[in-house]
Amino acid sequence: MPELPEVTVIVNSLNKKIKGLILESVEYDWPRKFFWGNYSIKDLKGVKVTSVDRKGKVVLIEVSKGTKGAKGTKGAKDITILIHLKLTGQLIYQDAKTRVAGGHPIPPLNLPSPNKTTRVIFAFTNGGHLYFNDLRKFGWVKIVSSNKYQVSSAIGELGPDALEISFREFSERLEKKPNARIKKLLMDQSFVSGVGNIYSDEGLWRAKIHPARSVASLSDAEVKALYDGIQESLKLAIDKGGSSANSFVDSGGEKGLFLTFAKAYYMIGKPCSRCGTPIARKKMDGRSAHFCPSCQKLK
DNA sequence: CACTTGACCTGTCCGC
DNA sequence: TGCGGACAGGTCAAGT
């Protein structure tokens with residue numbers, strides 16, 4: 001799932017479900033991708049979840065050891081659990097009453113957890129569990145102190161959030177990279193954060209821009225259309241997934257929800273919904289770009 | 001330097 | 001049915 005809309009949806013769901021819960025234990029069989037920093041596993045026992053957040057595609061679970069002090073100061077005891085889902089990560093919370101799931105649709109999000117892709121299990125004192133499943137083991141978990149420096153160095157360099165960036169800032173940042181190919185730049189997290197292969201394809205389709213175009217070749221109107229196209233496709237995806245996390249599971253079978261609104265991504269050979277030309281896929285910069293060869297011309 | 005390629009992992013699907 | 005190769009919602013390190 002690892003793009004902004006999917007991360008946003010699961011973060012919103014988790015915020016409703018695990019805020020206030022107390023961690024009982026953490027189990028993992030995945031030392032290679034589990035970074036404790038200065039902490040150890042016992043530092044998480046008894047901590048309380050204070051919020052679940054998102055930066056780019058990274059999930060942040062804020063926890064606190066303190067006994068709810070009167071002052072709202074962030075003490076040294078606050079810890080941030082960072083989770084990156086990479087290509088095939090999933091986060092699933094379930095307890096006796098509820099279940100929320102988000103992430104990559106393979107294996108199906110309704111498959112019971114733990115299962116063979118389960119890498120980390122966070123157990124809470126209410127009997128609920130948060131499972132981090134990741135088929136390909138590309139994802140990671142980092143445990144750091146909740147201060148700006150620690151958190152941002154663990155995440156890496158991030159540009160403005162794709163949902164929050166203004167059109168003005170978007171176009172100003174583009175101007176600094178005239179030679180970049182537009183699709184590659186959109187997926188660069190230090191340029192804007194949150195956009196990956198799906199939403200770069202979707203945004204470019206909406207703007208009728210070929211993914212291999214250079215930034216310098218884009219007209220002002222095209223830059224505006226691209227900005228709008230990205231905003232629209234991100235928001236549409238959040239809406240589709242946001243009504244209920246379970247719709248992720250139900251609506252698209254194993255392929256997941258996104259196929260129900262994708263215009264270009266994964267639509268290889270299907271008619272473009274604007275002009276009927278079959279959608280093409282081409283390898284570009286190491287990734288598959290999906291586009292309409294007729295609407296999105298390489299000038 | 002900038003840019004490209006490989007590596008990280010495991011699984012599915014498609015063609016012969 | 002079996003086997004090989006391509007491919008996968010991401011990112012970093014190493015090589016050129």
Side-chain angles (χ1 to χ4, degrees), chain A residues 1-10 29-35 54-59 82-91 101-109 111 115-120 132-142 153-159 162 176-181 183-205 211-212 214-215 230 233-234 236-238 240-241 248 252-269 280-291:
Chain A
M1 86 141 134
E3 292 184 51
L4 184 153
E6 295 78 15
V7 178
T8 300
V9 168
I10 189 62
D29 69 345
W30 199 14
R32 267 183 68 86
K33 297 294 180 68
F34 210 112
F35 306 97
R54 173 183 75 74
K55 283 213 189 309
K57 301 172 187 172
V58 180
V59 176
L82 299 154
I83 302 177
H84 198 310
L85 282 63
K86 291 285 181 88
L87 266 76
T88 56
Q90 314 177 322
L91 283 173
H104 194 277
I106 299 171
L109 286 165
L111 189 74
N115 56 55
K116 68 175 178 179
T117 70
T118 300
R119 312 301 177 194
V120 186
F132 179 15
N133 300 337
D134 186 4
L135 187 151
R136 286 173 77 186
K137 297 185 180 174
F138 282 6
W140 49 249
V141 179
K142 297 180 187 181
S153 76
I155 293 177
E157 193 191 344
L158 282 189
K176 292 181 192 151
K177 302 273 184 182
N179 300 317
R181 275 159 300 203
K183 177 178 169 67
K184 183 159 193 270
L185 187 61
L186 291 174
M187 290 194 292
D188 180 345
Q189 300 306 293
S190 67
F191 178 72
V192 279
S193 56
V195 177
N197 209 27
I198 292 180
Y199 297 97
S200 58
D201 281 350
E202 293 299 302
L204 288 163
W205 181 88
S214 72
V215 170
I230 292 168
S233 40
L234 292 174
L236 175 65
I238 292 171
K240 294 282 184 179
F248 257 69
E254 91 255 11
K255 294 301 185 191
L257 168 74
F258 70 86
L259 288 187
T260 64
F261 60 83
K263 298 292 194 180
Y265 181 80
Y266 219 76
M267 297 287 107
I268 311 143
R281 177 175 72 187
K282 224 174 179 177
K283 199 100 171 173
M284 265 172 226
D285 296 313
R287 305 301 299 276
S288 286
H290 308 76
F291 59 100

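So you know, we letter chains A, B, ... as the sequences are listed, proteins then strands, and number each from 1.
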Atom CG of Leu85(A) and atom C1' of dA8(C) are separated, to the nearest Å, by 15 Å
I'd like the P distance from dA7(B) over to dG5(C), given in whole Å. 16 Å
Side-chain atoms of Leu87(A) come closest, of dA8(C), dT4(B), dG11(B), to dA8(C)
#### Entry: Heavy-atom side-chain contact between His104(A) and Leu135(A) under 4.5 Å
no
Between Ser193(A) and Leu4(A), the two heavy atoms sitting closest are O-CD1, 3.9 Å
In whole angstroms, the gap separating C1' of dC8(B) from CZ of Phe138(A) amounts to 5 Å
Base-paired stretches in DNA chain C with three or more consecutive Watson-Crick or G-U pairs, both distances under 3.5 Å, amount to B:2-8 with C:10-16, B:10-16 with C:2-8
Checklist entry - Okay, side chain of Gln189(A), backbone of Met187(A): is any donor-acceptor separation there less than 3.5 Å? => result yes
Taken to the nearest whole Å, CD1/Ile106(A) to P/dC9(B) is 20 Å
query = Side chains of Pro211(A) and Lys282(A): closer than 4.5 Å at any heavy-atom pair?
reply = no
(message) Taking the P atom in each of dG6(B) and dA6(C), what is the distance between them to the nearest angstrom?
(response) 12 Å
note: Trp140(A), atom CH2; dA7(B), atom C1'; distance rounded to Å ~ 18 Å
(Q) Is there a side-chain contact between Ser288(A) and the phosphate of dA8(C), meaning an N or O under 4.0 Å from OP1 or OP2? (A) yes
Between CE of Met284(A) and C1' of dC7(C) the distance, given in whole Å, is 16 Å
Separation of dA6(C) atom C1' from Ile268(A) atom CD1, nearest Å, is 12 Å
Rounded to whole Å, CZ of Phe132(A) lies from P of dC9(B) at a distance of 14 Å
According to a strict under-4.0 Å criterion, is Arg181(A) in side-chain N/O contact with OP1 or OP2 of dC3(B)? no
Just by distance, with hydrogens left out, do Asn197(A) and Lys183(A) show a side-chain donor and acceptor under 3.5 Å apart? yes
Q.
Any side-chain N or O of Lys116(A) below 4.0 angstrom from OP1/OP2 of dG11(B)?
A. yes
field: Test: Asp285(A) and Arg181(A) ion pair at under 4.0 Å
entry: yes
To the nearest angstrom, the NZ-P distance between Lys282(A) and dA6(C) comes to 18 Å
Q | Flag, side chain of Glu202(A) to backbone of Lys263(A), donor-acceptor distance under 3.5 Å | A | yes
Determine, step by step, whether Asp134(A) and Trp140(A) satisfy the side chain to side chain contact (heavy atoms under 4.5 Å, CB included) criterion, reporting the C-alpha distance in whole Å, the side-chain angles of both residues, the deciding distance to 0.1 Å, and the verdict. CA-CA 9 Å; Asp134(A) 186 4; Trp140(A) 49 249; over 6 Å; no
Would the distance check show the side chain of Thr88(A) and the main-chain N or O of Arg136(A) forming a donor-acceptor pair, the cut-off being under 3.5 Å? yes
Among the nucleotides dA8(C), dT10(B), dT4(B), whichever has the atom closest to the side chain of Asp285(A) is dT4(B)
Step by step, work out the side chain to side chain contact (heavy atoms under 4.5 Å, CB included) result for His290(A) and Met267(A). CA-CA 7 Å; His290(A) 308 76; Met267(A) 297 287 107; over 6 Å; no
Could you measure between the two P atoms, the one in dA14(C) and the one in dC9(B), and give it in whole Å? 15 Å
Protein N or O to nucleotides 11-13 of chain C N or O, pairs below 3.5 Å:
| unit_1 | atom_1 | unit_2 | atom_2 | d |
| --- | --- | --- | --- | --- |
| dT11(C) | OP1 | His84(A) | NE2 | 3.0 |
| dT11(C) | OP2 | Lys57(A) | NZ | 2.9 |

TODO: Using the P atom on both, measure dC1(B) against dT11(C) and round to a whole Å.
DONE: 24 Å
